[in-house]
Amino acid sequence: VRVVLADDALILREGLSRLLQEAGFQIVGLASDGDELVELVDTGRPDVAIIDIRMPPTHTDEGLRAAQEIRRRWPDVGLLVLSQHVNTRYAMELLSAGTDGVGYLLKERVTDLAELASTVNRIGTGGSVLDTAVVAELVGRRRSGDNPLEELTDRELEVLALMAEGRSNRAIAERLTVTNHTVEKHVKNIFVTLRLPPSTDDHRRVLAVITYLDGR
Amino acid sequence: MRVNHRIALWPIVIAGATAAVGGAWLAAHQPEGRPTEPGLVLELVVGISLFSCGIASWRARPENRIGLVMVLTGFAWFAAELVEARQPWLYTVGLAVQSLWVIGLAYLLLSFPSGRLQGRRDRWLLSGGIGSAIGLQLLAMLYGNGAGVGCSSCVHNLIDVVHENRKAQGWLGLRDLLGVVVLLALVALLTERWRQASAPQRRAVLPVLITGFATVAALIWNVTSDLIGAPLGALPADVWFYTMATVPIAVMIVFLQRRLARGMVAGLVVELGEPSTAMDLRSALARALGDPSLQLAYWFPAEHCYVDGDGVTVAPPGADDRRGSTFVQHNGQPIALLLHDPVLEHNVELVQSVCAAASLALENERLQAELRARLVDLQASRARLVAATDAERRRIERDLHDGTQQRLVSVAMALGLLEARLPDSAGDTRPLIAEARETLTAALQELRDLTHGINPPLLVERGLGAALEELCTRAALPTHLHAELPHRLAEKVESTAYFFISEALTNAAKHSHGSEVRVTAVVSDTMLRIEVTDDGIGGASASGGSGLIGLSDRVEAVAGRMYVHSPPGRGTELHAEIPCA
């Protein structure tokens with residue numbers, strides 16, 4: 001899998017680049033701001049672009065804008081946006097244009113080599129990844145009134161969160177050390193309780209779940 | 001001072017009376033066949049008018065030279081009567097000073113009301129007048145006896161040495177010509193001065209100027225018709241006598257009017273005594289002094305300067321400034337500065353008595369003005385403190401983000417790499433590395449919470465609305481947000497509103513024992529209105545040592561206001577209004 005990497009902090013750019021190389025990814029190029037990144041994507045046509053959200057010149061959400069531009073011009077390039085803050089709004093803005101091959105993670109999540117490798121691979125193959133902290137915030141949002149989430153069991157809530165993070169049934173089963181079949185049962189139950197249209201596709205259902213959570 | 005002047009006046013009065021009687025006697029016993037131009041009575045009226053009005057003005061304004069000038073003009077007026085004398089030396093003197101009184105009139109008109117000439121042009125004009133009325137007159141007298149009188153029965157003047165009457169007539173013609181030029185210049189100069197004068201100045205000189213102009217115009221007319229024959233048609237000879245008699249009266253009226261103006265001081269004292277708190281001291285003083293342009297500034301001892309009611313520093317005028325100024329003191333301490341029309345400087349007594357009457361009120365106002373200025377300073381200093389705090393927040397957040405957080409992440413990455421490269425044989429090291437990474441992750445989490453509290457990124461990047469949405473979804477109590485924020489607001493307004501609501505939500509969660517909170521943030525043209533309402537136990541107050549006082553401080557620092565409504569048992573409502581125009 002070919003990867004480009006954009007972060008204005010040299011120390012993180014180099015560190016992440018070493019990790020990615022160690023994990024066997026091919027680094028097509030390194031960028032230190034949004035414009036450089038867009039050029040790199042244009043010339044290098046990577047499978048995945050890994051982007052720090054806060055970059056020069058304004059140090060606000062340049063990474064997010066660059067990601068949206070890349071998605072518009074080269075829809076098949078996977079996007080992994082990294083942030084030092086849990087920012088649900090930015091995550092939703094990123095995912096609103098479609099969840100295929102899109103990820104939003106806190107920076108420290110990509111320090112585990114195995115986790116990094118699986119994340120980049122999932123995004124490279126059209127999957128989606130949403131940070132646990134963002135999902136926790138979405139699920140934990142307090143709104144009064146009718147709340148179908150309260151009808152879910154604790155285990156079902158766990159499965160819902162893992163689905164929102166973009167994990168497949170098999171990954172969920174592994175994580176919870178239960179059988180695939182049990183997970184499928186939970187998923188079905190969740191969709192019925194939340195009155196969501198049933199979806200068997202691991203990729204598609206992420207959108208349904210987070211749209212539901214965000215729209216509550 | 002005044003007493004001395006009064007004593008000095010008596011000899012003058014006696015001398016004046018003697019001169020009047022002498023003049024009258026001379027006029028009554030004039031040689032036969034003389035052209036008896038003005039009647040005896042008119043002569044006396046003008047002279048006595050000059051004398052008595054001069055003395056009255058002198059008493060009213062002892063420091064002003066105009067009273068003296070009028071008295072001297074009165075003497076000159078009677079001295080001209082000496083031409084009726086039969087003794088040659090008296091006749092000669094009378095002839096020489098025949099027109100001296102016109103110089104007195106010119107001086108009076110030029111120097112009114114201050115009694116001082118106003119520059120070089122005044123002096124040139126007077127010099128021209130003296131040259132004409134005295135110089136050319138004496139020259140004519142050297143050549144002949146006919147100078148100005150030309151009668152057969154007249155005695156000879158003692159300085160008639162050349163005996164050429166025709167030349168004497170020539171000098172007299174030149175005298176009249178120069179006289180007319182000087183008088184015309186006088187009219188022009190006074191007209192120009194009038195056009196440049198302020199309203200109070202015009203009011204002060206108007207009566208004198210009218211009578212003076214009338215006299216000068218009549219004089220010009222007469223002298224001109226003497227010079228060129230009578231195509232103009234001569235005025236009745238005594239017209240200018242009438243007008244001349246009114247000039248001293250006009251001067252006296254103006255001076256006495258000023259004394260009357262001091263009656264305004266009594267009115268001012270009454271006004272100051274009224275319990276009206278909204279009294280405008282400046283207007284009251286302006287009325288008492290008759291100068292609507294009056295400016296009032298108060299002494300600020302700490303700053304060592306004068307400051308007006310709006311808090312603007314006022315510099316005392318320099319020597320060449322067109323404004324007049326008066327410094328007011330109270331118990332030896334400066335309290336105020338009046339900037340007024342320069343014409344008031346000729347009426348120091350009025351200004352002094354007005355200031356004395358108002359000094360207590362002035363001191364009062366001064367203290368209030370000082371207080372207002374201190375409040376303005378204080379407000380500015382609070383706003384600066386808040387701005388500095390906001391800037392510091394951003395700096396700390398940025399430093400943590402760019403420094404500590406990145407270094408910690410990079411350490412975590414290095415650990416990840418190390419873990420991946422560990423040989424299989426080092427199996428017992430792996431748990432240690434995993435532990436280190438978990439600790440690092442926890443540290444990063446804490447750091448993230450800290451920086452988020454210091455400076456929420458959404459507030460800076462997406463504005464108050466987005467930041468409030470996030471804040472309310474993260475709040476400990478279920479929170480409903482109603483926001484109408486169609487556009488970004490000033491940074492300090494947004495950050496004040498954000499931290500106000502954030503703190504209010506924390507308070508509600510900690511103290512209200514309520515079950516939910518409602519937050520409203522609505523912006524109008526000029527005001528951001530915020531409400532944070534809970535359904536808890538109420539009874540909160542901003543006066544205690546609660547967190548509410550901090551909220552109110554924060555809002556007031558940006559010139560906003562906070563209200564608390566918290567009846568026991570019925571929840572707490574916090575309202576804040578922050579100007580955002």
Side-chain angles (χ1 to χ4, degrees), chain A residues 7-24 52-56 58-62 64-65 82-93 106-117 132-133 136-145 147 213-214 216, chain B residues 394 397-398 400-422 433-434 436-438 440-445 447-449 451-452 455-462 465-467 469-470 472-481 515-518 535:
Chain A
D7 193 321
D8 61 316
L10 179 71
I11 186 173
L12 297 187
R13 206 162 59 222
E14 295 301 332
L16 192 53
S17 145
R18 272 195 301 180
L19 272 177
L20 288 165
Q21 279 169 322
E22 186 76 20
D52 178 22
I53 202 163
R54 195 159 151 174
M55 284 191 295
T58 66
H59 293 278
T60 56
D61 59 354
E62 284 79 8
L64 191 60
R65 292 188 198 168
L82 300 180
S83 168
Q84 279 187 15
H85 296 284
V86 182
N87 196 323
T88 308
R89 191 185 181 94
Y90 287 175
M92 291 307 130
E93 281 177 20
L106 284 176
K107 269 192 184 166
E108 64 253 38
R109 311 280 187 226
V110 297
T111 57
D112 182 302
L113 198 66
E115 187 72 30
L116 175 66
T132 322
E137 198 177 298
L138 286 174
V139 175
R141 273 186 184 175
R142 298 206 175 227
R143 301 267 164 112
S144 59
N147 188 355
L213 290 173
D214 188 42
R216 267 191 313 143
Chain B
R394 283 192 295 277
E397 193 266 345
R398 185 74 169 273
L400 286 175
H401 177 273
D402 293 347
T404 317
Q405 273 181 324
Q406 288 187 351
R407 273 179 231 288
L408 287 180
V409 170
S410 97
V411 170
M413 283 174 175
L415 280 177
L417 202 58
L418 176 65
E419 193 180 26
R421 286 182 183 174
L422 272 184
I433 293 178
R437 283 217 329 221
E438 269 168 38
L440 262 182
T441 308
L444 277 166
Q445 177 64 45
L447 203 54
R448 196 158 42 234
D449 291 345
T451 55
H452 190 279
N455 189 39
L458 257 189
L459 180 61
V460 182
E461 293 160 23
R462 292 296 154 92
E469 261 175 46
E470 189 201 33
C472 291
T473 58
R474 285 186 178 188
L477 288 176
T479 304
H480 304 271
L481 173 67
S515 60
E516 61 175 35
V517 185
R518 293 183 179 277
D535 58 352

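Chain naming here is simple, since letters A, B, ... match the order of the sequence lines and numbering starts at 1 in each. The basis for the numbers below is simple: all heavy atoms, side chains too, and nothing from hydrogens, waters or symmetry mates.
For the residue pair Ala412(B) and Arg437(B), the shortest heavy atom distance occurs at O-CD, 3.9 Å. Contact record, Ala443(B) with Leu408(B): CB-CD1, 4.5 Å, taken as the closest heavy-atom pair. Closest non-hydrogen pair, Ala117(A) versus Ala23(A), comes out as CB-CB, 4.2 Å.
Most heavy-atom pairs under 4.5 Å with chain B, from the set Val110(A), Thr88(A), Leu16(A), Asp8(A): that is Leu16(A). Of the listed residues (Gln84(A), Lys107(A), His85(A)), the greatest number of heavy-atom pairs within a distance under 4.5 Å of chain B belongs to Gln84(A). When each of Leu116(A), Leu19(A), Leu113(A), Val86(A) is checked for heavy-atom pairs under 4.5 Å with chain B, Leu19(A) comes out on top. Most heavy-atom pairs under 4.5 Å with chain A, from the set Glu419(B), His452(B), Arg421(B): that is Arg421(B). Interface check for chain A: of the options Leu447(B), Leu440(B), Val409(B), the most heavy-atom pairs under 4.5 Å are formed by Val409(B).
With a 4.5 angstrom heavy-atom cutoff, Leu106(A) touches chain B only via side-chain atoms. Proximity to chain A involves both the backbone and the side chain of Gln406(B), based on heavy atoms less than 4.5 angstrom apart. If you measure heavy-atom distances from Ile53(A) to chain B, you find no contacts under 4.5 Å at all. Contacts of Ala414(B) with chain A are absent, with no heavy-atom separation under 4.5 Å from either backbone or side chain. Heavy atoms of Gln21(A) lying under 4.5 Å from chain B are absent altogether.
For Asp61(A) (side chain) and Leu64(A) (main-chain N/O), no donor-acceptor pair under 3.5 Å exists by modelled atom type.
A salt bridge is defined here as a Lys NZ or Arg NE, NH1 or NH2 lying under 4.0 Å from an Asp or Glu carboxylate O, and Arg54(A) with Glu397(B) meets this definition. Using a cut-off of 4.0 Å between Lys/Arg side-chain N and Asp/Glu carboxylate O, Glu469(B) and Arg462(B) are scored as not salt-bridged.
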Practice task
Might you work through the salt bridge (charged side-chain N to carboxylate O under 4.0 Å, His left out) test for Glu461(B) and Arg89(A), ending with a clear yes or no?
Solution key: CA-CA 11 Å; Glu461(B) 293 160 23; Arg89(A) 191 185 181 94; over 6 Å; no
